[in-house]
Amino acid sequence: MPELPEVETVCRQLGVSAVPLKIAKVDILDPRVVKGVAIEELVRGLKGKTIQSVARRGKLIIFELSSRGYLVLHLRISGWIVQDDTVDHHARLCLHGAGGEMIQFCDSRVLGEVRLVRTLDEVSLIRRMGPEPLEVSAKEFMNIFQARSGKIKPLLMDQSLLAGIGNIYAQESLFCAGIHPERRADSLSQEELRKLRRCLRSILTQAIKKGGTTARTYRQTDGSGGEYGGHLCVYQRHRQRCRRCEGKIVKTAVGGRGTCFCPGCQR
DNA sequence: AATGGGACCTGCGCGC
DNA sequence: TGCGCGCAGGTCCCAT
């Protein structure tokens, strides 16, 4: 759902067309998305402040505020950000600029969250987060996975090992590398791990270029869908033909998560 | 360390 | 056509 490429897309678009934004008004349409701080405190902490810049860490969107502090957004499964002057049916929090511009945090299932912090260290997810997959060296990548006895797919999605990989890109990168999702990480050869890193990098980079994958609710900030969906090889393609070997893509559960793969191509 | 649950949530597609 | 059910997946939390 919103994983690294989707969140990166959103951050880049906000960076171009939404900031700096002086916050004139804050509308909290659903207080359930606000975590770790009282509603009034959030409103007080935002009103009159300026969003100076937008950054991403893992799957988190980080608004840097004037006068020290950050607004940290997590889209979780079903969230998206839209810049529009018409309030979306699923909008949970709206930031209004003085000139009528608006940033809406939308979330159909209300599992996403918004936090106001003084330092990023206050966010436990960030504190524990592993390196960025597009920055990690081959050696570091090897070190992360080679001594682990767990299954490679859940490990790829573990944010404390690598930040930003979710169910879509874990499945796609394993297909690309020809690795079965249930392989123990410590059974992978150096060559396989090198290939997995290369696949992960190229898929993430390509997905960012395409504006991410719209599987369900995710949108770019102008409301349009991401276009990487047409490039998917296994995710949501069970019972369809493999693009490489013409065999059937199957779906199983790995670590409790739906997992599509090609039994012919992935060993 | 790893695994397997449940909890949080709503919208969608399925079977009857 | 309508209704109930299971599933979708990111993270935290608990038990084993």
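Small disclaimer: the values here were computed from a predicted structure and weren't measured. Within every chain, numbering begins at 1; the chains are lettered A, B, ... in the order of the sequence lines, protein sequences first and strands thereafter.
The interatomic distance linking A/Y218 (OH) with B/dC12 (P) rounds to 19 Å, in whole Å. Atom CG of A/L125 is separated from atom P of C/dT11 by 6 Å (rounded to the nearest Å). Look at CD1 on A/I126: it is 12 Å from P on C/dT11, rounded to the nearest Å. Between A/R109 atom CZ and C/dT11 atom C1' the separation is 13 Å, expressed in whole Å. When rounded to the nearest whole Å, the span between NZ of A/K151 and P of B/dA1 equals 19 Å. Counting to the nearest Å, the C1' atom of C/dT11 and the CG atom of A/L60 are 11 Å from each other. For A/L156 and B/dA2, the CG to P distance is 13 Å, given to the nearest whole Å. Atom-to-atom, NZ of A/K59 to C1' of C/dT11 comes out at 9 Å; the value is rounded to the nearest Å.
Seen from the ring of A/F145, A/R197 does not count as a face-on cation partner, given the 6.0 Å and 45° thresholds.
Scanning both residues, A/H238 and A/V250, for their nearest heavy atoms gives CB-C, 4.1 Å. The shortest heavy-atom contact between A/I249 and A/C260 is CG2-CB, 4.0 Å.
As judged by a 4.0 angstrom heavy-atom cut-off over every strand, A/S149 is placed among residues touching the sugar-phosphate backbone only. Residue contacts for A/E3: at a heavy-atom cut-off of 4.0 Å it reaches the sugar-phosphate backbone alone, with no base atom in range. Residue contacts shown for A/R184 are absent, as no nucleic acid heavy atom lies under 4.0 Å away. Residue-level contact check: A/G112 touches neither bases nor backbone, having no heavy atom under 4.0 Å from any strand. As judged by a 4.0 angstrom heavy-atom cut-off over every strand, A/G150 is placed among residues touching the sugar-phosphate backbone only.
Each of A/L155 and A/R257 lies near DNA chain B, and the nucleotide nearest A/L155 is the one positioned closer to the 5' end. Comparing A/A147 and A/H89, the nucleotide of DNA chain B nearest to each residue sits closer to the 5' end for A/A147.
Distance check on atom P: C/dG6 versus B/dG6 gives 12 Å, rounded to whole Å. Here, C/dC7 and B/dG5 have their P atoms 13 Å apart, quoted to the whole Å.
At C/dT11, none of the side-chain N or O atoms of A/K35 fall inside 4.0 Å of OP1 or OP2 (strictly under the cut-off). For C/dG10, neither phosphate oxygen OP1 nor OP2 lies less than 4.0 angstrom from any side-chain nitrogen or oxygen of A/R216. Phosphate proximity of B/dT10 to A/H90: absent, as no side-chain N or O sits under 4.0 Å from OP1 or OP2. Between A/K251 and C/dA8 there is a side-chain N or O to OP1 or OP2 distance below 4.0 Å. One finds no side-chain N or O of A/Q159 lying less than 4.0 angstrom from the OP1 or OP2 phosphate oxygen of C/dG10.
Side-chain proximity of A/R76 to the nucleotides B/dA2, C/dG10, C/dC12 is greatest for C/dG10. For A/R32, the side-chain atoms get nearest to B/dC9 when compared with the rest of B/dG11, B/dA1, B/dC9. In the set C/dG10, B/dG11, B/dC9, the nucleotide with an atom closest to the side chain of A/M157 is C/dG10.
Between A/Y228 and A/Y169, the ring planes lie tilted relative to each other; the angle falls in the 30° to 60° range.
Looking only at side-chain heavy atoms (C-beta outward), A/F105 and A/L75 come within less than 4.5 Å of each other. Taking 4.5 Å as the limit, every side-chain heavy atom of A/V72 sits out of range of all side-chain heavy atoms of A/L125.
For B/dA1, its base never sits under 3.5 Å from the side chain of A/R148 at any donor and acceptor pair.
Pair check for C/dT1 finds none; no Watson-Crick or G-U wobble contact set falls under 3.5 Å.
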Might you work through the salt bridge (Lys or Arg N to Asp or Glu O under 4.0 Å) test for A/R127 and A/E122, ending with a clear yes or no? CA-CA 8 Å; A/R127 231 182 303 128; A/E122 291 173 40; over 6 Å; no
